[in-house]
Chemist: 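There's a structure below that I have some questions on.
Basis for what follows: all heavy atoms, side chains included, without hydrogens, waters or symmetry-related copies. Fair warning: this is a prediction, and the values are worked out from it, not measured in the lab. Residue numbers count from 1 along this sequence.
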Amino acid sequence: MIEARHLRVLRAVAATGSFSAAGRELGCTQPAVSQQMKALETSVGTPLLIRSGREMRLTQAGQALVRHAAGILAGLTAAEEEVAAIAGLRAGRVRLVSFPSGSSTLVPTALAALRAAHPGTRVFLEEAEPPQSVGLLREGDCDIALAFRYEGAGGGDEWDDLVVRPLLTDRLVALVPERHPLARAESVSIGELAGESWIAGCPRCRGQLVEVCEGAGFTPRIDFATDDYPAVVGLVGAGLGVAVLPQLAVESVRPRGARTVTLEPAVRREIVALTLPDLAQVPAVAATLEQLARAADR
């Protein structure tokens, strides 16, 4: 019979590559890790690891077990949390991963409301852009992933295995230096910025920028690229180029020396909260999803 604690040890060994490193990650000794791995191999009746000197790799059976471990552990977490809530334990833990502009706009409002309504619920926040954040969710390393995708970008089935909670539609705006000839225009087309130096954002946003520009008949000359939205705004404000940013990102930064201009035709991205089907039934996760939706409505 496979035990959850043994699966957690196996995942740690697979991720770190050694018993000693897995022990450090799990807060136990190397012999304890070795003992639990032997117990797991005895339970399944086949070797899970191949040891050659200092190198360690998974057998085919080990790879299969690791592949299923995330879903199994997520299901167990869901069961434990739901049973605890039914039993009257008003506590919970939510691991939330968000992209930066979501962390500075939607997340603070949602978590403040969650704490007021459920003071016993603890939320652990990390930042990652999709698709990395979605990968963390599928691997069982978080409970909710705040993510986005651009309209018309394809990949409409990429989240079919997840619970998708739509939050809002975020429109992109042009960002230009305040002395730029178009700084006070009511709107601007992407083609009007064809000859400019560009400052690009995260890899997914960068890819969307190139796609939109090429659709307008030109390839943008990207002089600077950074995942940090305040850095993008600062570079534009210093007159080093122009950028296209989500409205949500601009709201989280004071754009000194830069002005936003409506982009036509509109380019939008869909902001969603994602979780696994089992985790969606966990009270603390459901409450966090609800507060994220409320924050998006304000």
Chemist: Can you see which heavy atom on A216 is nearest to which on I190, and at what distance?
Modeler: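 Of all heavy-atom pairs spanning A216 and I190, the closest is CB-CG2, 3.3 Å.
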Chemist: Looking only at heavy atoms, which two atoms of T16 and E25 are closest? And how far apart?
Modeler: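 Heavy atoms only, the tightest pair is CG2-OE1, 3.4 Å.
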Chemist: Determine yes or no for a side-chain-to-main-chain donor-acceptor pair under 3.5 angstrom, with H180 supplying the side chain and L182 the backbone.
Modeler: yes
Chemist: Answer yes or no: is there an ion pair linking R165 with E290, defined by an N-O contact shorter than 4.0 Å?
Modeler: yes
Chemist: State yes or no: do V97 and L111 share one hydrophobic cluster built from I, L, V, M, F, W and Y residues joined by side-chain heavy-atom distances below 4.5 Å, directly or via other members?
Modeler: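 Not linked; separate clusters.
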Chemist: So, the side chain of R206 versus the backbone of G201: is there a donor-acceptor pair under 3.5 Å, distance only?
Modeler: yes
Chemist: Does a donor on one side chain sit under 3.5 Å from an acceptor on the other, for T169 and R268?
Modeler: no
Chemist: Around atom CD of Q35, are there more than 12 heavy atoms from other residues, nucleotides or ligands closer than 6.0 Å?
Modeler: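 Counting neighbours around CD of Q35, 12 or fewer heavy atoms of other residues, nucleotides or ligands fall under 6.0 Å, so no.
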Chemist: When rounded to the nearest 0.5 angstrom, what is the spacing between CD in E251 and CG in L245?
Modeler: 12.0 Å
Chemist: Do you know the tightest heavy-atom contact between A200 and V232?
Modeler: O-CG2, 4.2 Å
Chemist: Does L7 reach the side chain of I72, with side-chain heavy atoms less than 4.5 Å apart?
Modeler: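 L7 vs I72: side chains touch.
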Chemist: Measure from the side-chain N and O atoms of S34 to the backbone N and O of Q30, and report whether any donor-acceptor pair falls under 3.5 Å.
Modeler: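 Pair absent, no side-chain N/O of S34 close to backbone of Q30.
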Chemist: Check the pair R269, I271 against side-chain contact (heavy atoms from CB on, under 4.5 Å), reporting the backbone distance first and the verdict last.
Modeler: CA-CA 6 Å; R269 63 176 185 170; I271 309 295; 3.6 Å; yes
Chemist: Do the non-hydrogen side-chain atoms of S197 and F224 ever get within less than 4.5 Å of each other?
Modeler: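 Not touching, per the 4.5 Å side-chain cut-off.
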Chemist: Would you mind reporting whether Y150 and E270 have side-chain heavy atoms less than 4.5 Å apart?
Modeler: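 The answer is no; the side chains never approach within 4.5 Å.
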Chemist: Examine distances only and state if a side-chain atom of R115 and a backbone atom of T121 form a donor-acceptor pair shorter than 3.5 Å.
Modeler: no
Chemist: Donor-acceptor pair, D157 side chain versus D160 backbone, under 3.5 Å?
Modeler: no
Chemist: Just verifying a value: how many Å separate L274 CG and L137 CG, rounded to the nearest 0.5 Å?
Modeler: 6.5 Å
Chemist: What distance do K38 atom NZ and L48 atom CG have between them, rounded to the nearest 0.5 Å?
Modeler: 13.5 Å
Chemist: Is there a side-chain contact (heavy atoms from CB on, under 4.5 Å) between R149 and E158? Walk through the geometry before answering.
Modeler: CA-CA 10 Å; R149 61 184 170 192; E158 62 179 331; 3.5 Å; yes
Chemist: Hey, could you give me the OG1/CD distance between T46 and E41, rounded to the nearest 0.5 Å?
Modeler: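 Reported value, rounded in 0.5 Å steps: 8.0 Å.
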Chemist: So L209 and W198, do their side chains get closer than 4.5 Å, heavy atoms only?
Modeler: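 SC-SC contact between W198 and L209 confirmed.
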Chemist: Considering only NZ, NE, NH1 and NH2 on the basic side and carboxylate oxygens on the acidic side, decide whether E264 and R171 come within less than 4.0 Å.
Modeler: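 Looking at R171 together with E264, the answer is yes, because their closest N to O distance falls below 4.0 Å.
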Chemist: Identify which one of V285, D143, V123 satisfies the side-chain contact (heavy atoms from CB on, under 4.5 Å) criterion when paired with L96.
Modeler: V123
Chemist: Does S98 reach the main-chain N or O of E127 with its side chain, forming a donor-acceptor pair under 3.5 Å?
Modeler: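 Checking the backbone N and O of E127 against the side chain of S98, no donor-acceptor pair under 3.5 Å is found.
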Chemist: Locate the shortest heavy-atom distance separating V242 from V176; write the atom from each residue and the value.
Modeler: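 Closest approach of V242 to V176: CG1-CG1, 3.8 Å.
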Chemist: Find out whether the Lys NZ or Arg CZ of R95 is both under 6.0 angstrom from the six-membered ring centre of F124 and within 45° of the ring's axis.
Modeler: no
Chemist: Can you find a pair of side-chain heavy atoms, one from L167 and one from L106, that are under 4.5 Å apart?
Modeler: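 They are in side-chain contact.
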Chemist: If you define the side chain from C-beta out and look only at heavy atoms, does anything of L292 sit under 4.5 Å from L146?
Modeler: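 Yes. Closest side-chain heavy atoms under 4.5 Å.
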Chemist: Should V210 and Q208 count as side-chain neighbours, where that means a heavy-atom distance under 4.5 Å?
Modeler: no
Chemist: Is it the case that one hydrophobic cluster holds both L76 and V9, taking links as side-chain heavy atoms less than 4.5 Å apart, direct or via other members?
Modeler: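 Hydrophobic grouping puts L76 with V9.
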Chemist: Grouping I, L, V, M, F, W and Y whenever their side-chain heavy atoms are under 4.5 Å apart, do V282 and L136 come out in a common cluster?
Modeler: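 Hydrophobic grouping puts V282 apart from L136.
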Chemist: How long is the gap from CZ on R122 to CZ on R93, to the nearest 0.5 Å?
Modeler: 9.5 Å
Chemist: Closer than 3.5 angstrom, by distance alone: can the side chain of D170 be matched with the main-chain N or O of P246 as a donor-acceptor pair?
Modeler: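 Here the side-chain-to-backbone pair does not exist.
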Chemist: Go through the steps to decide whether I144 and L289 satisfy the test side-chain contact (heavy atoms from CB on, under 4.5 Å), and finish with yes or no.
Modeler: CA-CA 8 Å; I144 298 174; L289 290 173; 3.9 Å; yes
Chemist: CG of L10 to CD1 of I2: how many Å apart, nearest 0.5 Å?
Modeler: 9.5 Å
Chemist: Quick one: do I50 and V66 end up in the same hydrophobic cluster if we chain Ile, Leu, Val, Met, Phe, Trp and Tyr together by side-chain heavy atoms under 4.5 Å apart?
Modeler: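 They do not share one cluster, since no chain of ILVMFWY contacts under 4.5 Å joins I50 to V66.
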Chemist: Could you check whether any side-chain N or O of T59 sits under 3.5 Å from a backbone N or O of P47, counting only pairs where one atom can act as donor and the other as acceptor?
Modeler: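 Yes, because the side chain of T59 sits within donor-acceptor range (under 3.5 Å) of the backbone of P47.
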Chemist: Looking at every heavy atom in both V33 and C28, which two are closest together, and how far apart are they?
Modeler: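 That would be CG2-SG, 3.7 Å.
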Chemist: I need the minimum non-hydrogen distance between P177 and V236, along with the two atoms involved.
Modeler: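 For P177 versus V236, the nearest heavy atoms are CG-O, 3.4 Å.
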Chemist: Should we count CD of E126 as having more than 12 external heavy atoms under 6.0 Å?
Modeler: no
Chemist: Could you give me the CA-CA distance, side-chain angles and deciding distance for L73 and R8, then say whether side-chain contact (heavy atoms from CB on, under 4.5 Å) is met?
Modeler: CA-CA 8 Å; L73 293 173; R8 292 189 178 96; 3.8 Å; yes
Chemist: Does the distance from a Lys or Arg side-chain N to an Asp or Glu carboxylate O, for D141 and R11, drop under 4.0 Å?
Modeler: yes
Chemist: Got a donor-acceptor contact below 3.5 angstrom from the E192 side chain to the S189 backbone?
Modeler: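 Yes.
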Chemist: Is L276 close to V163 at the side-chain level, that is, under 4.5 Å between some pair of heavy atoms?
Modeler: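 In short, these two side chains do not touch, never coming nearer than 4.5 Å.
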